[in-house]
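What you see below is based on every heavy atom in this structure, not just the backbone, and it leaves out hydrogens, waters and symmetry mates.
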Amino acid sequence: MAEVGLLPFARIALQVSRAVLPRYRSRFSKRQFTQPQLLAILCLMRYEDWTFREAEVRLGEHRELRQVLGLVSVPDFTTLYRFLQRLDDQTIDRAVGETVRRLRGSLRQKRKRARVAVDATGLAQGAVSTFFVRRMHHHGQKPLPWRHWLKWVVAVDLDQQFVLSQLARRGPWNDCANLPAVVDAASQQTRIGLVLADAEFDSERNHTYVRKRLGAQSVIPAKRGKKTWRVHGVRAEMRRAFPRRLYRRRALIETLFSSVKRKLSARAPGRSLPMQMRQALLLGLSFNLYRLKHRRLFLRMSTEPNNF
């Protein structure tokens, strides 16, 4: 097989899918394919950046892959597309939670309060090279073919480098108001001791939510607004004595974004916004599955003391 590690990934994806989905949607289902099998195939598509037609062809070529997934026959690409249309965000969130439970692993890790970073990145809507599009724009003096893109907002465990929670929406958009929702979803997966975010999420309300609701420390640079503005509360503290050494760890979330786009995909394909959003959420789930597959390679020992 040309794809390295495809079988272990498919095996883990199927195990996680079985933990969050029933075998069949209803008693009237055709029972040709189970829901966990179809979800595992969608994760494989995100892992290898396949299209629906490519997934059908690859499954038909690889007998070992069909055996791991327990497939008697190969699902048509329209079957996969319709299953993705029916798939809801709550199911993907439960699958992400299952991967987090497995990645947190030992009781010692579960008791440790996580250091979390929140940030957003853009995902392309199709497979066209952005370099080619911009070159045509500069040479032909034509407007760019799109005005919007997809923003993927995630909360990441910095010590173990995996996604705790996520959401997707059309950009450009100011994500400052999204921080409480993403952090709250992450807090349901693990106890949080520190939240790091860049200046886009700077607001007194976000500091208040993290510190009073979660009992965690928040570090966000107070750079929104003019320097002449008078700020109060935690934002004034951030401007007066900013903990730069602690904030440096926020850059680790950029490492995760780089890993996702280099090793998996940098796009969220789809003709409609709901489909693109679902593809982005599946990308986060697939990265956690990839982390599970390479768990030993990603184990990191931090020499920094926990001050929270």
**Report entry** Listed once per pair and sorted, the ring pair (Phe, Tyr, Trp, His ring centres under 6.0 Å) pairs that draw on residues 8-36, sequence neighbours left out
**Finding:** F9-Y47
Query - Least distance between heavy atoms, S203 atom then R235 atom - result: C-CD, 3.9 Å
Report summary line: Those residues at least two apart in sequence (or on a different chain) that pass side chain to side chain donor-acceptor pair (under 3.5 Å) with D76 are T78
Report summary line: Sequence neighbours excluded, the answer for ring-ring contact (aromatic ring centres under 6.0 Å, His included) partners of Y247 is F242
Query raised in the report: Are L123 and K261 side-chain neighbours, meaning at least one heavy-atom pair lies under 4.5 Å?
Result: yes
Query raised in the report: Do K112 and D159 have side chains that get closer than 4.5 Å, going by heavy atoms?
Result: yes
Query - Between T34 and R23, a side-chain donor and acceptor under 3.5 Å - result: no
Query - Closest contact, heavy atoms only, L71 versus P75 - result: CD1-CD, 4.2 Å
Report summary line: By salt bridge (charged side-chain N to carboxylate O under 4.0 Å, His left out), D119 pairs with (sequence neighbours left out) R250
Report task. Kindly give the heavy-atom pair with the smallest separation between D175 and R169, and that separation in Å. Result -> OD1-CD, 4.1 Å
Query raised in the report: Within a strict 4.5 Å, meaning less than it, do heavy atoms of the E56 and W50 side chains meet?
Result: no
Query raised in the report: Around atom CZ of R271, are there more than 12 heavy atoms of other residues, nucleotides or ligands at under 6.0 Å?
Result: no
Requested in this report: May I ask you to test the D202-C176 pair for a side-chain heavy-atom distance under 4.5 Å?
Outcome: no
Query raised in the report: Considering residues at least two apart in sequence or located in another chain, which fulfil the ring-ring contact (aromatic ring centres under 6.0 Å, His included) criterion with Y81?
Result: F52
Query raised in the report: Among P269, S286, S265, whose side chain to side chain contact (heavy atoms under 4.5 Å, CB included) with D49 holds?
Result: S265
Table please: side-chain donor-acceptor pairs of residues 274-284 below 3.5 Å, with sequence neighbours left out.
residue : atom : partner : partner atom : Å
Q276    : NE2  : G270    : O            : 2.8
R278    : NE   : L87     : O            : 3.1
R278    : NH1  : L84     : O            : 3.1
R278    : NH1  : Q85     : O            : 3.1
Q279    : OE1  : R46     : NE           : 3.4

Query raised in the report: Taking the side chain as C-beta and beyond, is there a heavy-atom pair between T99 and I12 under 4.5 Å?
Result: no
Requested in this report: Would you check if L246 and Q217 make a side-chain contact, meaning some heavy-atom pair closer than 4.5 Å?
Outcome: yes
Query - R66 side chain vs L59 backbone, donor-acceptor pair below 3.5 Å - result: yes
Report summary line: Heavy-atom closest pair (P8 atom, K293 atom, distance to 0.1 Å) is CB-CD, 3.8 Å
